[in-house]
Amino acid sequence: MIMPAHISGPPAATGVSAPLPRLDVGNAVRIRRVRPVRLAQAVVAFACSIFLVRAFAKAEIDWAVVLEYLFARITFVGLSFTILMTIIAMAIGLLVAVVLAVGFGSDNPVIRMMCKTYVWLFRGTPQLLQLLLWYNLALVFPTIGVPGLKSWQTVDLIGPFVAAAIGLGLNAGAYMSEIIRSGLLAVDTGQYEAAKAIGMTRPKALRKVIFPQAMRVIIPPLGNEFIGMTKNTSLASVVGFGELIFVMQSIYFYNFKVIEMLLVSAFWYLVVTSVLSVGQHQLERRFGRGFSRGGQS
């Protein structure tokens, strides 16, 4: 039977499937789903923002004083001591953390037990308590030195700066050791075996092979510890160290502008932590080169 020309028959069996028809989406209308939970969250966030703005607007805050001390010389002195203490405490903490992390993988059970005891002790007691103990160490050890050679008065050696640096650094080392240990465990054991096979010693293998690969895992939490240390330096004010909070307290004890001085402190803490966050992001990008977001190369 001959079919009319306007009626198309079934496609010929040529082994190639017919192309699917294209859908014309040019005039399609996009319908947004209403998400009640998101809408409620936005309303709550907006209401909280309005509440905070109105609260600060109605409060008797002398913004002229805030601007006066925002860039005052004494403010920068306290800020510089905060940054200096952060760097020194983190340097001490990193040194301690690397030693502890390597010690956890030691074949010597005594070393492993000493490392575990250190972490247990410093993570189990408040950081403020540790600062006070270091500051009052002279009550337990009046003198420090080498027996028979020379000794010094402890109260002269461990002042507010040294006590704060030791207390903050040793405490940070206990926490960062777990970060570094997790990074070392993330490296495949085949890397250890390959380094050993080409004659590398354990220290050289750690320095040349293991740590460069572990940094991709270590950097993000370590950056958080650095930012946290910047804020934790405020605890040093209890032992009389002149960081930013201590300086601001000294000022508002004199002029009674408490909120104004605290706002100045908050501003500079936000500036410093924002800069550190950008630096952390850049380090993550550098050490994460060659790895996809899923963690595969």
One should read off an interatomic distance between L168 CG and I88 CD1, to the nearest 0.5 angstrom, of 11.0 Å
dist N232:CG -> Q127:CD (nearest 0.5 Å) comes out at 5.0 Å
query = Does E178 pair with R181 as a salt bridge, N-O distance under 4.0 Å?
reply = yes
- Would you kindly confirm whether F253 and L244 end up in one hydrophobic cluster when ILVMFWY residues are joined by side chain heavy atoms under 4.5 Å apart? yes
*For T75 and Y69, indicate whether the former's side chain and the latter's backbone hold a donor-acceptor pair under 3.5 Å.*
yes
Side-chain touch V278/S274, heavy atoms, less than 4.5 angstrom = no
Between the OG atom in S265 and the CD atom in Q249, the distance rounded to the nearest 0.5 Å is 8.5 Å
Check whether any side-chain heavy atom of M176 sits under 4.5 Å from a side-chain heavy atom of I218, and report yes or no.
no
**Study point:** Cluster check V187, L185: I/L/V/M/F/W/Y, side chain < 4.5 angstrom
**Key:** no
Are L94 and L222 close enough that some pair of their side-chain heavy atoms sits under 4.5 Å apart? yes
Exercise. Going hydrophobic residue to hydrophobic residue with side-chain gaps under 4.5 angstrom, can you get from Y175 over to V96?
Worked result: no
Smallest heavy-atom separation, E243 atom then S237 atom, equals OE2-CB, 3.3 Å
Worksheet item: Any side-chain heavy atom of F104 sitting closer than 4.5 Å to one from K116?
Response: yes
In terms of heavy-atom contacts, T154 and L137 come closest through CG2-C, 4.2 Å
Hey, does L100 have a side-chain heavy atom less than 4.5 Å from the side chain of V119? yes
Separation between CE (M85) and CE (M90), nearest 0.5 Å, reads 13.5 Å
If Ile, Leu, Val, Met, Phe, Trp and Tyr residues are connected whenever their side-chain heavy atoms lie under 4.5 Å apart, and connections chain through other members, are Y269 and I87 in the same group?
yes
- [ ] Check the pair V77, V247 against side chain to side chain contact (heavy atoms under 4.5 Å, CB included), reporting the backbone distance first and the verdict last.
- [x] CA-CA 8 Å; V77 170; V247 170; 5.5 Å; no
Exercise for review: Flag the pair V162 / W134 as yes when at least one side-chain heavy-atom distance between them is below 4.5 Å, and no otherwise.
Suggested key: no
In short, A186 meets V217 closest at the heavy-atom pair CB-CG2, 3.9 Å
To the nearest 0.5 Å, atom CD of Q280 lies from atom CD1 of I227 at 5.0 Å
So CD1 of I166 and CD1 of I92: to nearest 0.5 Å the spacing works out to 6.5 Å
Exercise. Check step by step if side chain to side chain contact (heavy atoms under 4.5 Å, CB included) holds for I259 and E60.
Key: CA-CA 9 Å; I259 295 297; E60 296 180 358; over 6 Å; no
For W268 and L79, the nearest pair of non-hydrogen atoms, with its separation, is CE3-CD2, 3.7 Å
Item to check | Side-chain donor or acceptor of Q130 paired with backbone N/O of F122 under 3.5 Å | outcome: yes
(Q) Grouping I, L, V, M, F, W and Y whenever their side-chain heavy atoms are under 4.5 Å apart, do I111 and L184 come out in a common cluster? (A) no
Taking everything shown except F267 itself, do over 12 heavy atoms lie less than 6.0 Å from its CZ? yes
I'd like to know if the side chain of S106 reaches the main chain of V102, judged simply by a donor and an acceptor atom lying under 3.5 Å from each other, with no hydrogens or angles considered.
no
Ignoring hydrogens and geometry, is there a side-chain-to-backbone donor-acceptor pair from E260 to I61 under 3.5 Å? no
Heavy atoms of P221 and I179 approach each other most closely as CG-CG2, 3.5 Å
inquiry  = Over 60° means perpendicular and under 30° means parallel, so tell me whether F76 and F71 are parallel, tilted or perpendicular.
reply    = tilted
Which label fits F81 and F241: parallel for a plane angle under 30°, tilted from 30 to 60°, or perpendicular past 60°? perpendicular
- Message: Please determine whether side chain to side chain contact (heavy atoms under 4.5 Å, CB included) holds for the pair Y252 and L262, giving the CA-CA distance in whole Å, both sets of side-chain angles, and the decisive distance to 0.1 Å.
- Response: CA-CA 9 Å; Y252 71 62; L262 295 180; 4.2 Å; yes
* L128 versus V238: any side-chain heavy-atom pair under 4.5 Å? -> yes
In short, D188 meets G190 closest at the heavy-atom pair OD2-N, 2.7 Å
With side chain to side chain contact (heavy atoms under 4.5 Å, CB included) as the criterion, how do T230 and L276 come out once you've worked through the C-alpha distance, each side chain's angles and the decisive distance to 0.1 Å?
CA-CA 9 Å; T230 304; L276 291 176; 3.3 Å; yes
